[in-house]
Amino acid sequence: MLDLNVFPRTFKWGTATAAYQIEGAAHEDGRGISIWDVFSYTPGNVKKGDSGDVACDHYHRYAEDFRLMKDLGMNSYRLSIAWPRILPKGRGEVNEKGLAFYDHLIDELLKHGIEPFVTLYHWDLPQALQQLGGWANRDTVDAFEEYTRIVVNRLGDRVKNWITHNEPWCAAFLGHGAGVHAPGLKDVGVSMQVAHHLLLSHGKAVRIIKEHNPEHKVGITLILGPSHAASESAEDQAAAARHDAFLNTIYLDPLYGRGYPKVLFDHVPQFAPKVQEGDLEIIATPTDFLGINYYQRSILKHTEENPFNFEGVRPPGPEFTFFDWEVYPQGLYEVLTRVQQDYAPKEIFITENGATFEDTLTEDGQVHDEQRRFYIERHLKAVQDAISEGVPVNGYFAWSFLDNFEWAEGFEKRFGLVYVDYPTQNRYVKDSGKWYSKLVKAALGAV
Ligand SMILES: N#[N+]C[C@@H]1[C@@H](O)[C@H](O)[C@@H](O)[C@@H]2O[C@H]12
């Protein structure tokens with residue numbers, strides 16, 4: 001199945017996490033309130049009323065976690081910085097204890113020879129900025145610049161790989177259009193303006209990072225997936241094309257200098273973002289890599305029930321995860337070859353890929369999660385096939401290192417290679433984690 005010799009010698013083998021999902025210590029050492037604290041504390045928003053207050057207690061256990069990560073053999077790790085730890089009010093006064101935490105965290109990773117990939121924004125906007133309009137307010141772009149400058153100046157002597165934003169589609173649409181993520185707004189027009197401001201802030205952050213050190217690598221992480229038509233009908237084909245723009249090219253096109261996709265905004269001009277002179281040039285500031293998060297494909301049919309005139313159709317499966325997402329590894333191959341053909345990034349990292357299944361911890365501390373192992377194996381094969389065809393994939397970060405706070409699903413949905421027993425905070429490496437560890441050690445040992 002897998003031929004490890006296909007993967008480049010420089011391949012990054014790692015896992016990914018995000019601050020709000022694993023750190024806990026939500027009210028410790030000067031951390032400010034984030035929109036996800038507010039959203040989680042609002043009854044009905046998160047299953048079982050869960051929140052990131054404690055999560056995996058990584059804030060206190062990162063040394064233990066990184067020892068485990070080292071034992072598992074990974075050479076890289078993708079983490080995010082919590083903006084509210086650095087600037088509790090979003091701007092202005094800097095929280096030294098927050099910066100010191102990430103100083104120690106990065107030093108601990110480097111001590112183990114694990115290369116950090118740092119995501120600047122993984123959805124936890126300081127609530128103080130939300131109270132001024134959040135990402136719908138263009139001023140937040142300036143706040144993000146201020147935050148980026150502080151973090152890069154503090155950690156930039158040790159962190160060389162930067163991801164400006166994680167999945168702007170989720171932050172924009174789930175948070176401002178569908179209302180199922182923080183800040184819980186339901187205004188599609190606002191969500192598109194938020195998308196624009198996220199992209200604009202990305203471009204400005206790229207310039208800050210490159211000014212700090214032109215040798216640093218910087219990119220953005222997008223969630224991408226194929227949009228397939230439910231039938232050969234022209235209506236369904238057009239519906240799929242609009243969905244592809246709604247999910248994928250609304251970000252890819254402006255990032256690679258093509259502006260916003262006409263196929264979408266000619267159809268829904270009422271939702272087109274307000275773009276100021278020079279914005280698109282800033283958004284298209286050249287980057288060193290594209291981060292791709294892949295989980296599933298979408299199947300679309302025409303509908304008259306919404307302004308986009310597309311509607312999802314349940315995929316045929318037959319395999320589905322605990323999230324009821326279809327297992328469709330070939331979709332990752334499709335995404336990679338399409339991105340290479342249409343945009344040709346210098347480098348690509350799979351910055352997230354993984355699955356949630358119902359995990360059971362046995363009496364003797366085992367988690368037999370063959371479904372997750374098989375999921376990862378098949379998606380790595382898709383990466384291998386793409387690499388064989390010349391797609392410059394140079395890293396795979398399994399989502400996730402630890403079971404963690406799965407946003408609106410709370411702690412019920414486990415994605416980790418490592419099981420977290422929350423009452424005790426004990427960690428147990430799942431069978432999938434043991435398999436991935438053997439694979440990574442073989443791949444790195446083979447170089
Ligand atoms: N859902 N799900 C799992 C995973 C989520 O936990 C990450 O924070 C996101 O970046 C992305 O949505 C993917």
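Order of appearance sets the numbers: ligands from 1, and atoms from 1 within every ligand.
Nearest heavy atoms, Asn45 versus Phe39: ND2-O, 2.9 Å.
For ligand 1, the atoms sitting less than 4.0 Å from at least one non-hydrogen atom of Gln21 are 6 (O), 7 (C), 8 (O), numbered in the order shown with element in parentheses. Taking every non-hydrogen atom of Trp325 and a distance limit under 4.0 Å, the qualifying atoms of ligand 1 come out as 1 (N), 2 (N). Those atoms of ligand 1 with a heavy atom of His122 less than 4.0 angstrom away are 7 (C), 8 (O), 9 (C), 10 (O). Which parts of ligand 1 touch Phe323 is read off a 4.0 Å heavy-atom cut-off, strictly below it: atoms 1 (N). For ligand 1, the atoms closer than 4.0 angstrom to any heavy atom of Glu406 are 1 (N), 2 (N), 3 (C), 5 (C), 6 (O).
Note: His165 and Trp123 fail the aromatic proximity criterion, with ring centroids not under 6.0 Å apart. Taking the ring centroids of Tyr77 and Phe66, they lie under the 6.0 Å cut-off.
Checked by distance only, ligand 1 and Trp123 stay at 3.5 Å or farther apart across all their nitrogen or oxygen atoms.
Side chain of Asp53 to backbone of Ala25: no donor-acceptor contact under 3.5 angstrom is found. Between the side chain of Asp369 and the main chain of Gln371, no donor-acceptor pair closer than 3.5 Å is present.
For atom 9 (C) of ligand 1, the closest non-hydrogen atom of the protein is Glu352 OE1, 3.3 Å. From the protein, the heavy atom lying nearest to atom 12 (O) of ligand 1 is Glu167 OE1, 3.6 Å.
Counting only residues at least two apart or on different chains, the salt bridge (charged side-chain N to carboxylate O under 4.0 Å, His left out) pairs with a member in residues 115-131 are Lys12-Glu115.
Contact annotation: for Asn166 versus ligand 1, heavy atoms closer than 4.0 Å belong to the side chain alone.
A salt bridge links Arg314 to Asp324: at least one charged side-chain nitrogen sits closer than 4.0 Å to a carboxylate oxygen.
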